[in-house]
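Before any comments, here is the structure.
In what follows, chains are A, B, ... by sequence order, proteins preceding strands, each numbered from 1.
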2 protein chains.
Amino acid sequence: MTQVKIKHDCKLELNDVALRATPARIAVMKFLENTTTPVDVQMIKNYLDKQNVSSDAATVFRIMNIFTEKGITRQISFNEGKFRYELASREDHHHLICKNCGKVEDFSYCAIPALEKDIQKKKGFLVTSHALEFYGLCESCKDRQN
Amino acid sequence: MTQVKIKHDCKLELNDVALRATPARIAVMKFLENTTTPVDVQMIKNYLDKQNVSSDAATVFRIMNIFTEKGITRQISFNEGKFRYELASREDHHHLICKNCGKVEDFSYCAIPALEKDIQKKKGFLVTSHALEFYGLCESCKDRQN
DNA sequence: ATAGCATATGCAATAGATTTGCAAGTAGTA
DNA sequence: TACTACTTGCAAATCTATTGCATATGCTAT
Ligand SMILES: [Mn+2]
Ligand SMILES: [Mn+2]
Ligand SMILES: [Zn+2]
Ligand SMILES: [Zn+2]
């Protein structure tokens, strides 16, 4: 009854897509695995600093670009004038963005797939992905609006 | 039977929201009325130059910010690292963005309103607006993919 | 039509986000 | 362990967007 705990191996996952497993890349993956909200480059850089992983903003930008190209992450924009990133492995879901405090919640229900077929039929446009964001007020801001 | 052609009066529309009708603002409104795709600041600036309307990028940014604040325009992001704008008077609709050639088509059908009520009920989040973009390949790129 | 004033613009400087060139460092492989 | 292609750090360059300030102009009240 030797229960083998197969913990997620970042190195293998990186090598699988022909990327070298460097300390910075591994740390970024761990960070993404443990955050529930899409993060921006500055947040990632702060995390690396805190973990004493040597890095540089340019490197983080490069990492996020290549992760996105390789399909490890997904680049998102909430009209903030900068990008955020989340693991692409997170299932199809969308975001509830509070216009007052900026909090981002995940929202999993998705009714879009049916719509995509319609679009293909009516417009001849082949949908390969979509982005859906809801803006408004989160539960706490809704009451005591700041 | 004097058919009075009431053409849209930019000056009145601007004054209605307490904005002065300057040449640049009027030209921007005309441009937005005649484009079918959300435009960015550079495109607007190019149009103003072509029309010999004196302007400056800083001024265009200021105009688009105040138009958006006043509800004349809507700020949109297609993950390009910059904003685009379209008239807010355009009814609720979404966009089909070709990943190959960048063409943007409008798509009017919207099945989201029902979903918004669900969100309010399940998450207590008050939805005030949403953004939905479809990415993929437009009809022509779908065939002879470049 | 004109004066007066608050608003808008032009221009230059500044702030942020992201990209790029290049020399030095390192992961993966033999 | 040595080799080589891939990565990184750092500085400089690009872009997008914002801001300060002096000047210009739209709007309102004579
Ligand atoms: Mn998410
Ligand atoms: Mn549109
Ligand atoms: Zn909130
Ligand atoms: Zn296309």
Side-chain angles (χ1 to χ4, degrees), chain A residues 9-31 38-49 51-70 72-85 102, chain B residues 9-31 38-49 51-70 72-85 102:
Chain A
D9 189 332
C10 294
K11 181 177 187 312
L12 289 185
E13 185 169 349
L14 287 167
N15 290 347
D16 272 352
V17 292
L19 293 183
R20 292 184 180 175
T22 66
R25 286 175 178 172
I26 291 169
V28 170
M29 290 199 72
K30 297 222 155 108
F31 184 45
V39 293
D40 62 40
V41 165
Q42 201 47 62
M43 292 164 154
I44 298 170
K45 179 70 172 65
N46 289 342
Y47 171 81
L48 295 180
D49 289 346
Q51 302 296 309
N52 282 92
V53 174
S54 155
S55 78
D56 177 89
T59 299
V60 178
F61 277 110
R62 275 186 285 228
I63 290 175
M64 298 327 292
N65 281 340
I66 205 158
F67 276 15
T68 302
E69 278 165 31
K70 298 289 189 176
I72 294 173
T73 54
R74 190 182 290 139
Q75 191 185 52
I76 309 176
S77 165
F78 295 151
N79 281 39
E80 302 170 298
K82 68 187 174 189
F83 295 121
R84 288 181 180 242
Y85 303 86
Chain B
D9 189 331
C10 294
K11 181 178 187 309
L12 290 185
E13 184 168 350
L14 287 167
N15 291 346
D16 271 354
V17 292
L19 292 183
R20 293 183 179 174
T22 67
R25 286 175 177 172
I26 291 169
V28 170
M29 291 200 70
K30 297 221 155 107
F31 184 46
V39 293
D40 62 41
V41 165
Q42 202 47 63
M43 292 163 154
I44 297 170
K45 179 69 171 67
N46 289 342
Y47 171 82
L48 295 180
D49 289 347
Q51 302 296 310
N52 283 93
V53 174
S54 155
S55 78
D56 177 89
T59 298
V60 179
F61 277 109
R62 275 187 284 231
I63 289 176
M64 298 325 292
N65 281 339
I66 204 158
F67 276 17
T68 302
E69 277 166 31
K70 298 289 189 175
I72 294 173
T73 54
R74 189 183 291 138
Q75 191 185 51
I76 309 176
S77 165
F78 295 152
N79 280 39
E80 301 170 298
K82 67 186 173 187
F83 295 120
R84 289 181 180 242
Y85 302 86

Within the pair B/Ser55 and C/dT9, is there a side-chain N or O less than 4.0 Å away from OP1 or OP2?
-> no
Round to a whole Å and report the spacing from CG of B/Asp56 to P of C/dA13.
-> 13 Å
Describe the nucleic acid contact of A/Asp40 in one word from base, sugar-phosphate, nothing, applying a heavy-atom distance below 4.0 Å.
-> nothing
Presence of B/Thr22 side-chain N/O under 4.0 Å of C/dT9 phosphate oxygens OP1/OP2 = yes
Would you indicate, yes or no, if D/dT8 has its OP1 or OP2 atom less than 4.0 angstrom from a side-chain nitrogen or oxygen of A/Arg25?
-> yes
Closer than 4.0 Å, any side-chain N/O of A/Lys11 to the OP1 or OP2 of C/dG28?
-> yes
Mapping B/Ala24 and B/Gly81 onto DNA chain C by nearest heavy atom, which one lands closer to the 5' end?
-> B/Ala24
Which is true for A/Lys45 with a 4.0 Å heavy-atom rule: it touches a base, it touches only sugar-phosphate, or it touches nothing?
-> nothing
Side chain of A/Phe83 only, please: which of D/dA17, C/dG10, C/dT18 is the nearest?
-> C/dT18
Describe the nucleic acid contact of A/Asn65 in one word from base, sugar-phosphate, nothing, applying a heavy-atom distance below 4.0 Å.
-> sugar-phosphate
Do the side chain of B/Arg62 and the base of C/dA8 come within less than 3.5 angstrom through a donor-acceptor pair of N or O atoms?
-> no
Between the side chain of A/Arg25 and the main-chain N/O of A/Arg20, is any donor-acceptor distance below 3.5 Å?
-> yes
What does B/Ala57 touch in the nucleic acid at a heavy-atom separation under 4.0 angstrom: a base, only the sugar-phosphate, or nothing?
-> nothing
Rounding to a whole Å, what distance do you find between A/Glu80:CD and D/dT16:P?
-> 19 Å
